[in-house]
Every structure is written in structure tokens, then in C-alpha cells.
Amino acid sequence: MAFCSKCGGELETDAKACPSCGATVGETSEKKENGSDFGARAEEAFNKFNDTKDDTSAFDPADIESNKVMGILSYLSWLVLIPLIAAPKSPFARFHANQGLILAIIEIAFGIVLGALSLIPVIGIVFNIILSLLGLVFLLFSILGIVNAANGKAKELPVIGKIRLIK
């Protein structure tokens, strides 16, 4: 059984186009069917991971356009304070500042735990390596937030996006 590479819909054996979305059937759907296309599977997993609530329609387009930079700054660690001071009345800037603040707090807590565990001689080395690799998750979240803010989207970050510290 073949599946559409665009929407995942089921395709008939000799179909030229997907009956669900109309996409042209190509080589990628065959690769996806037999599991040999790692890129397509990775993209699908990432899209599923990043499938979070998007509240962009609830924000004023003028506010979004004038505060994209503030949204971007929100994901650059301590620079999260700039949007809170410079654009305190912007709902778009506050949305991203909230997410950036949560991310910064988690990064700080993570750093404290990592520092404390690194003091333990043998166990500390193992935890240090593992937790350092997990630090890449913070980088991924920052990049996702920056891309969303730059594109004018008010989209929650995966896992931590539902937490609200700033109303």
C-alpha cells in the first residue's frame, strides 16, 4: 500500500495523484512506503513534534508587524527582558516574552543541575555528557521560537508552550 508524501493519504497502486489532497504521486511516496526515506520520516516526526497551538489570528496584524524584533529577542536568553521593558503593552511581544522567559528559567535550572552533577567524580562525567547533549533541545526551542516570531506567528513551543507566567 502506498501513501501520499504530502498528506499521508492512502493511494491506489497506479494512482497518478492523491485523491485526498491532489498532490502528484512521485518517488518520495514509494520511499516512504518501504521506510527507506529517512529525511521524509524525520520531517514527519519534527512536524508532529512541532504541531502546537497557533494563536496568531487572535493578535492584531499591526502589533505583530511592529513587534517581530521584540518577539525574536525573547528567545535570546537574558534579552527576554528587553521586550518586557520596551513593549509592555504589545500582546504579541508579551506572548513571545512569556515563552522566552520560561525557556530561560528552564535553561538556568538546567545549568545549576548540570553544574552540581559535574562535581560528582565518576557519575558527574556521565551525567555531564548526557545532559550536555540535552542542551541541544534548548537551542532547538530557541530556533523554533525565533522562526515563529520572525514569521509573525504566535505559535506555542512544544512541551513548554502551555505554561503562562506573563498574562
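All values below were derived from every heavy atom in this structure, side-chain atoms included, with hydrogens, water molecules and symmetry-related copies excluded. All residue numbers refer to positions in the sequence shown, counting from 1.
- Residues Leu139 and Leu73 do not share a hydrophobic cluster, defined by chaining ILVMFWY side chains whose heavy atoms lie under 4.5 Å apart.
- Clustering ILVMFWY residues whenever any of their side-chain heavy atoms sit less than 4.5 angstrom apart, transitively, puts Ile160 in the very cluster that holds Ile146.
- Judged by distance alone, with hydrogens and angles left aside, the side-chain atoms of Asn98 form a donor-acceptor pair with the main-chain N or O of Ile163 at under 3.5 Å.
- In the hydrophobic cluster analysis, where Ile, Leu, Val, Met, Phe, Trp and Tyr join through side-chain heavy atoms closer than 4.5 angstrom, Val159 is grouped apart from Val147.
- The backbone N or O of Leu157 sits less than 3.5 Å from a side-chain atom of Gln99, completing a donor-acceptor pair.
- Cluster membership for Ile72 and Leu101, using ILVMFWY side-chain heavy atoms within less than 4.5 angstrom, is shared.
- No donor-acceptor distance shorter than 3.5 angstrom exists from the side chain of Asn148 to the backbone of Ala154, with no hydrogens or angles considered.
- Residues Phe49 and Leu140 have side chains in contact (heavy-atom distance under 4.5 Å, counting atoms from C-beta outward).
- Looking only at side-chain heavy atoms (C-beta outward), Asp60 and Pro91 stay at 4.5 Å or farther from each other.
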Please step through side chain to side chain contact (heavy atoms under 4.5 Å, CB included) for the pair Leu144 and Lys155, ending with a clear verdict. CA-CA 9 Å; Leu144 286 174; Lys155 189 171 164 120; over 6 Å; no
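- The two residues Leu103 and Ser142 come nearest to each other via the heavy atoms CD2-OG, 3.3 Å.
- Rounding to the nearest 0.5 Å gives a distance of 11.5 Å between CZ of Arg94 and CG of Asp63.
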Please list every donor-acceptor pair under 3.5 Å in which a side-chain atom of residues 104-111 meets a protein atom from a residue at least two apart or in another chain.
none

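- The hydrophobic clustering, which links ILVMFWY residues whose side-chain heavy atoms are closer than 4.5 Å, places Ile64 and Tyr75 apart.
- A perpendicular orientation is assigned to the rings of His96 and Phe92, their planes being inclined by more than 60° (bins at 30° and 60°).
- Residues Phe95 and Glu156 come closest through the heavy atom pair CZ-N, 4.0 Å.
- Remark: side-chain polar atoms of Ser74 are not paired, donor with acceptor, to backbone N or O of Gly100 under 3.5 angstrom.
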Do any side-chain atoms of residues 77-89 form donor-acceptor pairs under 3.5 angstrom with protein atoms, and if so which ones, sequence neighbours left out?
none

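- Under a cut-off of 6.0 angstrom, the local environment of NZ in Lys153 is sparse, with at most 12 non-hydrogen atoms contributed by other residues, nucleotides or ligands.
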